[in-house]
Novice: 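Before anything else, here's the structure in question.
The analysis underlying the following values was restricted to heavy atoms, covering all of them including side chains, and did not include hydrogens, waters or symmetry mates. Here is the naming used below: chain letters follow the sequence lines, and residue numbers restart at 1 for every chain.
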Number of protein chains: 2
Amino acid sequence: MQMVMNDENSVEQLFARWQPQARKGWLETFILLLLCQKRSYGYEIATNLRQSLDAELPEGTLYPLLRRMQRDGLVDTEWDTEGSSNPRKYYTISNRGRELASMMQSEWTRWSQTMRALEKDQ
Amino acid sequence: MQMVMNDENSVEQLFARWQPQARKGWLETFILLLLCQKRSYGYEIATNLRQSLDAELPEGTLYPLLRRMQRDGLVDTEWDTEGSSNPRKYYTISNRGRELASMMQSEWTRWSQTMRALEKDQ
DNA sequence: GCTAGGTGCATCGGTAAGCGATGTATAGTT
DNA sequence: AACTATACATCGCTTACCGATGCACCTAGC
């Protein structure tokens with residue numbers, strides 16, 4: 001059996017395809033932690049992530065994710081039609097959300113420690 | 001429109017379903033960093049992760065992942081039929097793999113900083 | 001010699017989810 | 001009038017997790 005080396009895939013392309021996979025799980029943590037601090041709405045969350053991480057947050061990812069969070073009772077929602085801008089759907093963290101955020105956070109810490117241990121003596 | 005709160009999903013269940021998603025991206029980084037240090041084989045990698053992270057690494061996840069890495073030229077493989085044990089498929093990091101690992105690592109660092117900034121003033 | 005458990009590899013298929021493309025609507029700018 | 005930014009949302013193609021399952025070998029205990 002012969003395994004063909006795939007040279008069409010540059011390292012940059014591989015990285016580009018890996019990024020969303022990596023983003024996947026931690027994105028939810030990021031959003032929950034963000035909402036722990038202040039209520040926010042979709043577009044602002046995306047802007048926030050773009051600025052603080054210089055990472056894209058496609059709308060096709062964000063809005064379904066927020067709906068799932070709402071479905072699972074992690075956030076409460078409220079439409080804000082006041083003001084001059086477009087109507088905003090504000091998200092507020094719930095108790096369940098806070099609880100889950102803290103569990104995710106400790107999981108993050110565990111991975112963080114393991115990663116650091118690996119890069120230490122390379 | 002009414003959004004039904006899904007109480008069947010306990011926070012523990014939500015966390016359990018989230019974990020593999022979170023594991024998803026960083027797992028590849030972990031394996032590449034591990035292979036940067038020494039060549040290894042599937043079963044050993046799984047054991048290693050289980051010990052250092054107390055995290056499960058299902059075989060249905062691991063072996064397809066390793067095949068993808070091989071396909072993309074991130075690792076070189078070599079069967080070891082010597083010794084008393086079962087034949088082992090050893091994985092060695094390639095230059096492409098090393099390059100990608102370093103890119104992933106800096107991405108990890110960026111997320112790490114952002115996360116830390118969020119949990120600081122909660 | 002038989003059986004159970006550990007080692008070591010692998011695939012299949014049901015399910016979940018990313019996200020590019022696309023759509024709608026309003027406000028402000030050129 | 002045209003374009004950009006704000007703000008929401010869905011569709012469907014594709015990727016990938018992982019529980020279940022299977023094969024093969026080795027060692028230990030009865």
Side-chain angles (χ1 to χ4, degrees), chain A residues 1 3 6 9 13-31 39-51 55-72 75 77-91, chain B residues 1 3 6 9 13-31 39-51 55-72 75 77-91:
Chain A
M1 186 201 65
M3 182 66 67
N6 207 337
N9 293 327
Q13 283 172 329
L14 289 175
F15 180 69
R17 270 207 298 279
W18 167 80
Q19 263 185 319
Q21 302 299 333
R23 198 161 36 221
K24 197 170 182 169
W26 300 112
L27 192 54
E28 200 168 346
T29 314
F30 173 84
I31 294 176
R39 67 200 281 268
S40 188
Y41 55 97
Y43 197 87
E44 192 185 43
I45 291 173
T47 307
N48 200 313
L49 184 68
R50 249 187 292 273
Q51 287 176 350
E56 275 312 304
L57 178 43
E59 300 186 318
T61 299
L62 176 61
Y63 289 111
L65 174 56
L66 288 174
R67 287 192 78 82
R68 262 176 281 144
M69 286 179 163
Q70 182 181 8
R71 181 200 65 194
D72 295 333
V75 294
T77 63
E78 195 182 2
W79 279 99
D80 186 352
T81 52
E82 315 279 326
S84 62
S85 81
N86 280 355
R88 294 168 175 170
K89 195 174 182 180
Y90 270 92
Y91 294 87
Chain B
M1 188 198 67
M3 182 66 68
N6 206 337
N9 292 328
Q13 284 172 327
L14 289 176
F15 180 69
R17 271 206 300 278
W18 166 82
Q19 264 184 319
Q21 302 300 331
R23 196 161 39 222
K24 195 170 186 173
W26 301 111
L27 194 53
E28 201 168 346
T29 313
F30 174 83
I31 294 177
R39 67 200 280 269
S40 187
Y41 56 97
Y43 197 86
E44 192 184 42
I45 292 173
T47 307
N48 200 311
L49 184 69
R50 249 186 292 272
Q51 287 176 349
E56 276 312 305
L57 178 43
E59 300 186 318
T61 299
L62 177 62
Y63 289 109
L65 174 56
L66 288 173
R67 291 191 76 82
R68 261 175 282 145
M69 285 180 164
Q70 183 182 6
R71 182 200 63 192
D72 293 334
V75 295
T77 62
E78 196 183 2
W79 279 99
D80 187 351
T81 53
E82 316 277 327
S84 61
S85 82
N86 280 357
R88 294 168 176 172
K89 194 174 182 179
Y90 270 92
Y91 294 87

Novice: Of B:T77, B:T61, B:I31, B:V75, which meets side chain to side chain contact (heavy atoms under 4.5 Å, CB included) against B:L66?
Specialist: B:I31
Novice: Using whole Å, report how far CG of B:L62 lies from P of C:dT11.
Specialist: 12 Å
Novice: Run A:E78 and A:R39 through salt bridge (Lys or Arg N to Asp or Glu O under 4.0 Å) and show every step you take.
Specialist: CA-CA 10 Å; A:E78 195 182 2; A:R39 67 200 281 268; 3.4 Å; yes
Novice: Kindly indicate whether the side chain of B:R17, heavy atoms from C-beta on, has any atom under 4.5 Å from the side chain of B:L14.
Specialist: yes
Novice: Would you mind reading off the distance between A:E59 atom CD and C:dG18 atom P, rounded to a whole angstrom?
Specialist: 15 Å
Novice: What is the distance, rounded to the nearest whole Å, between atom CG of A:D72 and atom C1' of C:dA17?
Specialist: 13 Å
Novice: What is the distance, to the nearest angstrom, from the OH atom on A:Y43 to the P atom on C:dA27?
Specialist: 16 Å
Novice: What contact category does A:Q21 fall into here, base, sugar-phosphate, or nothing, at under 4.0 angstrom with non-hydrogen atoms?
Specialist: sugar-phosphate
Novice: Starting at atom CZ of A:R68, determine the distance to atom C1' of C:dT15, rounded to an integer number of angstrom.
Specialist: 13 Å
Novice: With side chains defined as the heavy atoms from C-beta onward, is the minimum distance between A:K24 and A:P20 less than 4.5 Å?
Specialist: no
Novice: For the residue pair B:R88 and B:E82, establish whether any side-chain heavy-atom pair is separated by less than 4.5 Å.
Specialist: no
Novice: What nucleic acid atoms does B:R17 come within less than 4.0 Å of, heavy atoms only: base, sugar-phosphate, or nothing?
Specialist: nothing
Novice: List the steps, then state whether side chain to side chain contact (heavy atoms under 4.5 Å, CB included) holds for A:T29 with B:W18.
Specialist: CA-CA 10 Å; A:T29 314; B:W18 166 82; 3.3 Å; yes
Novice: C:dA10 phosphate, OP1 or OP2: any side-chain N/O from B:K89 under 4.0 angstrom?
Specialist: yes
Novice: Over how many whole Å does the gap from B:L65 atom CG to C:dT11 atom P extend?
Specialist: 13 Å
Novice: Could you state the CD1-C1' distance from A:I31 to C:dG18, rounded to the nearest angstrom?
Specialist: 13 Å
Novice: Flag the pair A:E56 and A:R23 as a salt bridge only when some basic side-chain nitrogen lies within less than 4.0 angstrom of an acidic carboxylate oxygen.
Specialist: no
Novice: Write down the distance between CZ (A:R23) and P (C:dA16), rounded to a whole number of angstrom.
Specialist: 22 Å
Novice: Pick base, sugar-phosphate or nothing for A:W79, based on heavy-atom distances below 4.0 Å to the nucleic acid.
Specialist: sugar-phosphate
Novice: Go through DNA chain D in 5' to 3' direction and return only the first and the last nucleotide with some atom under 4.0 Å of chain A's heavy atoms.
Specialist: D:dT6 to D:dA16
Novice: What does B:T61 touch in the nucleic acid at a heavy-atom separation under 4.0 angstrom: a base, only the sugar-phosphate, or nothing?
Specialist: base
Novice: Both B:P87 and A:P64 contact DNA chain D. Which one's nearest nucleotide lies toward the 5' end?
Specialist: A:P64
